Amino acid sequence: MAMTHAQRLLAWYDRHRRTLPWRAPPGERTEPYRVWLSEIMLQQTTVATVGDYFRRFVERWPTVGTLAAAPLDEVLSAWAGLGYYARARNLHACARTVSEQLDGRFPEDESGLLALPGIGPYTAAAIRAIAFDRPASAVDGNVERVIARLFAIETPLPDARPEINARAAGLVPNKRPGDYAQAMMDLGATVCTPRSPRCVICPFIETCHARALNIAESLPQRAPKADRPTRRGLAFVLARSDGAILLRKRAPTGLLGGMDEVPSSAWREGKLTIAEALKEAPVPAKWQVMEGGVRHTFTHFHLELVVARATATTSRLARLAPGSAWCTLDKMTERALPTVMRKIIAHAVKG
DNA sequence: TAGTCGTGGCT
DNA sequence: TAGCCAAGACT
């Protein structure tokens, strides 16, 4: 009998398996805590970016209990720069639930995992497969691509998802399902790549329908994305005589929720009127509007910021709103500052 | 269901 | 340069 897809893939995996910070040695299982933490970090984020964050997290918080005991603000600070900050808020909430209500153990069943904050269909399946070696079908962007090509599914995403999920589930083996899940993702990441797939070294070359039709690189097709608008605003960098800068805390949810920020005017579409934006300054001061500015792109809009600087005087310190605080430059790395805020500060300091 | 939610690397 | 995409979840 011919080898199944799973058998071919596992044979390939045994030869090409990558060493990753969260991956246990061959034949061993990764602890559920490390699987969960890595999978949350890897959502919409590249392996290369996650590596250092993962190492820092497990060194500082080696167990789910230690993470649950940490203040949210410390977790957000450690997460700063990774993006999608709701993941960090949910990570912390999930750690507390597992620690306080589940005796520190992650559920092994799908419904139990799906009930936890930040764990959706993909992550629940990945945890079940990798941590508990259960035959769960973990379909991420890599697997979507592999399956769409293997079966030449030309329906654009996201409409193709039901068919892709069904096809993917049909390939999951009962033996080594954890290795199989990781192998599928490795295959998508290193062989069945979005552009210039390396079909000649693919374990599925003999059965891949897209390869046979010479349409592999064009799959999966995607529905066109809405174009991003541009929002504009004025950021206010207030510096104390010792160089400390005024920061404040953002609202707990929504864009950059719970993170620290440099005060700014509202970010609006359309032309920026400096005179109007200056009325939104956090304190009265002799604001100096700087040359140039900061550009940053979020998932669904571009942001263009002009930066205004001012020096604080003692008389204004008492006027600071609640949630505001001074931060010296050497302490800036300890704060929960998203990348766009670090860009603003760098621009202001550089002058 | 479709919009919200970051960032960096690659082409 | 500008768009694409990455181990998606939530509302």
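A quick note: this is a predicted structure, and the numbers were derived from the prediction, not measured. Chain letters run A, B, ... following the sequence lines, proteins first, then strands; residues in each count from 1.
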Q: Taking the basic N atoms (NZ, or NE/NH1/NH2) and the acidic carboxylate oxygens, is any pair closer than 4.0 Å for A:Asp73 and A:Lys249?
A: yes
Q: Mind checking A:Ile130 for me? I need base, sugar-phosphate or nothing, with any heavy atom below 4.0 Å counting as a touch.
A: nothing
Q: Check for a donor-acceptor pair, side chain of A:Ser218 on one end and backbone N or O of A:Ala216 on the other, with a separation under 3.5 Å.
A: no
Q: Would you say a side-chain N or O of A:Thr339 is under 4.0 Å from OP1 or OP2 of B:dT7?
A: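 Yes, because at least one side-chain N or O of A:Thr339 sits under 4.0 Å from OP1 or OP2 of B:dT7.
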Q: Identify whether any heavy atom of A:Thr299 sits under 4.0 Å from a base atom; if not, whether one sits that close to sugar-phosphate; answer base, sugar-phosphate or nothing.
A: base
Q: Quick one: is C:dG8 close enough that its OP1 or OP2 comes under 4.0 Å of any side-chain N or O from A:Gln43?
A: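 It does not, given that no N or O in the side chain of A:Gln43 lies less than 4.0 Å from OP1 or OP2 of C:dG8.
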Q: Within the pair A:Tyr84 and C:dC10, is there a side-chain N or O less than 4.0 Å away from OP1 or OP2?
A: no
Q: Remember a base hit wins even if backbone is also touched, and classify A:Thr297 as base, sugar-phosphate or nothing at under 4.0 Å, heavy atoms.
A: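 Base contact.
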Q: Reckon A:Trp22 touches a base, only the sugar-phosphate, or nothing at all at heavy-atom distances under 4.0 Å?
A: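 Answer is base: heavy atoms of A:Trp22 come under 4.0 Å of a base.
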Q: Donor-acceptor check, side chain of A:Thr273 to backbone of A:Ala275, threshold 3.5 angstrom: yes or no?
A: no
Q: It should be established whether A:His300 places a side-chain nitrogen or oxygen under 4.0 Å from OP1 or OP2 of nucleotide B:dC5.
A: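 Checking B:dC5 against A:His300, a side-chain N or O does come within under 4.0 Å of OP1 or OP2.
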Q: Could you check whether any side-chain N or O of A:Arg145 sits under 3.5 Å from a backbone N or O of A:Gly188, counting only pairs where one atom can act as donor and the other as acceptor?
A: yes
Q: Taking only N and O in the side chain of A:Arg342, is any of them less than 4.0 Å away from OP1 or OP2 of B:dT7?
A: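 Negative; the distance criterion is not met.
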Q: Report which part of the nucleic acid A:Arg23 touches: base, sugar-phosphate, or nothing (heavy-atom distance under 4.0 Å, all strands).
A: base
Q: If only side-chain N and O atoms of A:His296 are considered, is one of them under 4.0 Å from the OP1 or OP2 phosphate oxygen of B:dT7?
A: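 Affirmative; the distance criterion is met.
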Q: For B:dT7, take OP1 and OP2 only and decide whether either is under 4.0 Å from a side-chain N or O of A:Arg295.
A: no
